[in-house]
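Structure first, then comments.
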2 protein chains.
Amino acid sequence: MDLIVANNELKAKAFLQEIEGKTPLFIATLATTETGKIPGLSAAGANPDFTDFTPPADAELLLLGKCKSIQGVPITPDGIPTPALITASALHLADIPALIVNGGVKVKPQIPYINVNGSPGRDIRTGDSVDNVEEVIDRAKVVGEHLAKASEYLVIGESVPGGTTTALGVLAALNVNAQGKVSSTLPDNPHNLKAEVVAVGLKAAAQKFGNFKGDPIKAISAVGDPMMAAVAGLVIGGSRQTPVLMAGGTQMTAVLAVINALEPKALCNVAVGTTRWVAKDKSSDICGIVNQFCEVPIIAADLDFGSSKYPGLQIYETGLVKEGVGAGGASIAAMAKTGGAVDKQILLKEIERNYASLMQIK
Amino acid sequence: MDLIVANNELKAKAFLQEIEGKTPLFIATLATTETGKIPGLSAAGANPDFTDFTPPADAELLLLGKCKSIQGVPITPDGIPTPALITASALHLADIPALIVNGGVKVKPQIPYINVNGSPGRDIRTGDSVDNVEEVIDRAKVVGEHLAKASEYLVIGESVPGGTTTALGVLAALNVNAQGKVSSTLPDNPHNLKAEVVAVGLKAAAQKFGNFKGDPIKAISAVGDPMMAAVAGLVIGGSRQTPVLMAGGTQMTAVLAVINALEPKALCNVAVGTTRWVAKDKSSDICGIVNQFCEVPIIAADLDFGSSKYPGLQIYETGLVKEGVGAGGASIAAMAKTGGAVDKQILLKEIERNYASLMQIK
């Protein structure tokens, strides 16, 4: 299979063996925040205000094969299409079902979704970014447990613009050194801007929460985003029943740190699934974050758009976008379900087909 | 297994053979309406206004094993406990996962649920009882299809107080003769009151909608309830992938009539699962309704509370409550999953255990 094991090779192989031939349920967890609108931080939308529409439109693309909340598909300011295109193509090729969990979004998707009582996030510079964290975790645990009982395993992805900055915030709050290690949708990773935003948030949070270090609920409440609470709950609940593939890049490391603080044994049944673009990224270090506190294996789909006939896809090779909406994990699941019959070439063809159709390219 | 086949014996046996040993996903679909508050119509709540709390409390009981929106569990005016107690016991014994779909409720359950954009129903005497029917059906189809892909089969139940009156309304609107044939939570079935309410509603609807006969979307919009739209969509979407057991009494016959008008081939993959109390009810006639327009098999769990040590459960044998929250279908699914190892005695013991614990009976 077209996969790269980024760390913990034996555990990764055991995980892959366990999921081979199986049909997972893919869950995309949505959230939006005001943090994602800080200029220069995220490319998950044509402009900052547009980031409110990216998660719902991504979700619509997964469930309906097209967006309803916007025309076309979400794009970066440079016009590069959303990684949900990869996810949707992978799920379609391998006939993998999907559900949407609303972690907390400003614009509701025009499709069915699971409500866990989350609200959109504020700017983390307030030090008070997410409401209702504990309740969302508890509700998401219940969903995760029931969905895992109904399925062979779970793949859980996310769509939250600005999510690597909130990840840096929560990792810092939980004493994990992620400075310079989180990834970016932008080719020039704005590490300094992220660090500055996080520093302001942590300072404000310390005034509000006192000593919140080591408390994952407070860490998310202070400098996190609503996706984290929902995904942490889903993974904790789900991993009691089946394996769980956390589908995402460095954003998922913050959720791992939260789970590690809440219920570390959940991590025995978990792997991270991402893309080659994240695993091999020189401007971030996903293994360097994870290996500080746990031994969860990291597996990457060896996607390569270098040979694509479309410049809008080729450009993924320059480090734009890299990951999102569970693109890497969905690709891994499609390969695993089909025993490798879905490979990176077949996947690229399907992505190109969908891209051309959705962007109306002749 | 402790089952009764009420009609279409061969199809019923084929359906049972297909589900034996399999793990379904149970979906409880909630709705509330102002119709349910018409005095004398429903016993699904200690008093009419309390019916708003019955569906959310039922859903909490299924997912958490206890209610959060109310103390204890929902009861009839006589203190008889909700049939969700049967459902929760059956699902627990056979380790069957459950999800909640919010078809449209006034009081939101304090648990995670799937949102299909439904709203609570008005009084059908307005002839304009449900908003947004087509959209809810479309969204529910998407959910049904994805959940069915993830599961071995689906069991779909409902909790909507006053639902047999709205069922009579929609059946009448679709030219099915159900007068005197719908069931009741009350021991004295108020057929005349129901017919009167429906007649007022149909008259008002004819003024609003003109000729709405034979149009199931308009029929639900005029004199139905929000559960019907959600369940119709779930069944249509789900039955494309797996068998679907519609878990309920005569309320489900209205949904069958809607599906029969929208996408009749969906019914090839469907059975109705109910209780002996409905199947053998002398004051209603579920087969007499269904056999007018389709050949869907009806299977009943042969529940018998006559030997219970608790008067509150024994009283089910007098015809109070009879069915609800998919009690019959969940019981059938528990028996089928365990190849009959869960039988009516074991089920009664578990129901008694939960009843005593939840009602704090020593």
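Just so it is clear, the structure is predicted and the values come from calculations on it, not from any experiment. Excluded from the calculations below are hydrogen atoms, water molecules and symmetry mates; all remaining heavy atoms, backbone and side chain alike, are included.
Using a 4.0 Å cut-off between charged side-chain N and carboxylate O, Glu60(A) and Lys68(A) make no salt bridge. One finds no salt bridge joining Glu145(A) and Lys141(A) here, because no Lys/Arg side-chain nitrogen approaches an Asp/Glu carboxylate oxygen to under 4.0 Å.
The residue among Ile111(A), Thr23(A), Ile96(A) with the most heavy atom pairs within less than 4.5 Å of chain B is Ile111(A). Ranked by heavy-atom pairs shorter than 4.5 Å toward chain B, the options Ala148(A), Ala98(A), Ala140(A) are led by Ala98(A).
For Ile100(A), no part sits under 4.5 Å from any heavy atom of chain B, backbone or side chain. Of the two parts of Asp95(B), the backbone and the side chain both hold a non-hydrogen atom closer than 4.5 Å to a non-hydrogen atom of chain A. Neither the backbone nor the side chain of Asp138(A) has a heavy atom closer than 4.5 Å to any heavy atom of chain B. Both the backbone and the side chain of Leu63(B) come within less than 4.5 Å of a heavy atom of chain A. With a 4.5 Å cut-off on non-hydrogen atoms, Asn115(B) touches chain A through its backbone and its side chain both. Gln110(A) touches chain B through backbone and side chain together, each having a heavy atom under 4.5 Å away.
One side chain, Ser89(A) or Asn354(A), offers a donor N or O that lies under 3.5 Å from an acceptor on the other.
In this structure, Leu91(A) CG and Phe26(A) CZ are separated by 5.5 Å, a value rounded to the nearest 0.5 Å.
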